[in-house]
Amino acid sequence: MKPRLSLKGLLLASFVSLGLILMAAYSIVSTEYFVRGLDASMANNMEKAARSFVRLFDREAQHQGREFSGFYLASDWAHMPEYVHKSFPAPPEKPLSLYKEDNGSWFRRPDHMVFLMRYDSPAGPLYIAREMTHPAKSNVVDITARQNRKLMVMITLLALGFVALISWLLLRHISRPAAALRAWTHSLDSDKLAQPIPDFGYPELNELAALIRSSLSSVQAALEREQRFLRHASHELRTPISTIRSNIELQRKLDAQKAHPPAHQATLDRIDRASLTMQHLTETLLWLNHQPDEPLQPQPVSLDALIRELAEEMNYLLTGKPVDTRIHTQPYSCNAPPVPARIILGNLIRNAYQHCWQGTVEIEQNGGHIVIRNPMTEDAQDEPSPQKQTGYGLGLELTEQLTRRLGWRYCHSVGDGYYQVELRTATGSASVS
């Protein structure tokens, strides 16, 4: 998974990058202004030397050219020194514009520089040039350059420190409310949802907190309505189911005293099976509606006896089907809550019987490992949806929830025309009978 940069890290990196870019830009500008200042000073000195040269020397001396005040001046371009002609093949055209040629680069200081300027006197153009090599450079320039670099470094460090301080203060003021919002969101429960929203310092964060609480409150309200309906419906169903079951038993006793046609007995059997299914489903829903933190009271449960008892109760689901059963169990007892254990195994066996139309349903129990396998029809195998493949609807979902509550391991798979479920009870709580 690609690592993601946190918002705090992103802001910090952005401020540091911005500070470095600003400092680099100001350093370049400062260096450029320093060099331009030196060039302006050189041009000013050359102009002063040209004015003095015109005033002190006649035209013949100006034509021949000579050294004056550290510069070489001549009105005839041909009489300029060799270093001038090497650096500038043609005479300058713009008056009072400084022309400069050096052998330096971006990362290398120049050790040879040639300056040239044209000055228009009343007698005509006058060319002023100066050559500077490393030994001839002014110490004043070096001292000034060092002072400029020190000042630039100090300003850069101060600016970076100021940017770092502003960044830290800004992140502190932003990260604290954001961290408080995150902690508040993680700690939300039914009690805190009913409490007022804390003040997180910024309107945007307060609005986000209000949206989070509103969404969670809506979800909780819907869940409470669903649980309340489930609880009430399940409780209300127990009474009519008990009435149906008791009347079925009474009807069977009455039927034992006098003969009835087979159709009557088949109708009674269907009512009996439907009421038994409703009873199992109601017990499952009622147990699932318990609070997760309610303690579960484990008791010794004989898995082999429970499996055979449930398989016998579910035999009515195979009536009229060319289906055989093969049950292999071993004496084994584990500590588990009896009701959910019975519900889990009952759901798995009932689903296997209900959705098998031919072949053999195999139930194997070896210690705490239970495998239930039933053949599937070709039409069911062709369905793309897993739920359509197995036919397992509510029973499968309830089984998964119950096994998670008990800490059991449950998995199901489809292959080679069979649907198979595997169940492993919790370890460390079992014994062999």
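Only this structure's heavy atoms are used, side chains among them; waters, hydrogens and symmetry mates stay out. All residue numbers in this chain count up from 1 along the given sequence.
Counting only residues at least two apart or on different chains, the salt bridge (charged side-chain N to carboxylate O under 4.0 Å, His left out) pairs with a member in residues 315-331 are R326-E362, R326-E364. The salt bridge (charged side-chain N to carboxylate O under 4.0 Å, His left out) analysis of residues 26-38, with sequence neighbours excluded, yields the pairs E32-R36.
Pairing each heavy atom of W357 with each of Q354, the nearest pair is CZ2-O, 4.1 Å. The shortest heavy-atom contact between L303 and G367 is CD1-O, 3.8 Å.
With sequence neighbours excluded, no residue forms a side-chain contact (heavy atoms from CB on, under 4.5 Å) with I21. Here D39 pairs with K100 under the salt bridge (Lys or Arg N to Asp or Glu O under 4.0 Å) rule; sequence neighbours left out. Under the rule for a salt bridge (Lys or Arg N to Asp or Glu O under 4.0 Å), E422 has no partner lying at least two apart in sequence or in another chain. Contacts of H85 classified as ring pair (Phe, Tyr, Trp, His ring centres under 6.0 Å), with partners at least two apart in sequence or in another chain: W77. Residues that satisfy the side-chain contact (heavy atoms from CB on, under 4.5 Å) test with K86, not counting sequence neighbours, are E82. When the side-chain contact (heavy atoms from CB on, under 4.5 Å) test is applied to Y83, the partners found at least two apart in sequence or on another chain are Y72, P81, V114, A129, E131. Every residue meeting the salt bridge (Lys or Arg N to Asp or Glu O under 4.0 Å) condition with E309, not counting sequence neighbours, appears here in chain and number order: R342. For R213, there are no salt bridge (Lys or Arg N to Asp or Glu O under 4.0 Å) partners, not counting sequence neighbours. Residues forming a side chain to side chain donor-acceptor pair (under 3.5 Å) with S17 (at least two apart in sequence, or on another chain): none. Applying the side-chain contact (heavy atoms from CB on, under 4.5 Å) rule to L188 yields the partners W184, K192, L193, I212, L216; only residues at least two apart in sequence or on another chain are considered.
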side-chain hydrogen bond (donor to acceptor under 3.5 Å, both in side chains) evaluation trace for T329 with R308: CA-CA 8 Å; T329 60; R308 291 190 175 275; 3.1 Å; yes
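The local environment of CD in Q330 is crowded, with over 12 non-hydrogen atoms from other residues, nucleotides or ligands closer than 6.0 Å. For Q195, the CD atom counts as densely surrounded, since its 6.0 Å shell holds more than 12 non-hydrogen atoms of other residues, nucleotides or ligands.
Taking the centre and axis of the six-membered ring of F71, the NZ or CZ atom of R130 falls inside the cone set by 45° and 6.0 Å.
Atoms CG and OH, on L310 and Y353 in that order, are 9.5 Å from each other to the nearest 0.5 Å. W408 CH2 to L402 CG: the interatomic distance, rounded to the nearest 0.5 Å, is 9.5 Å.
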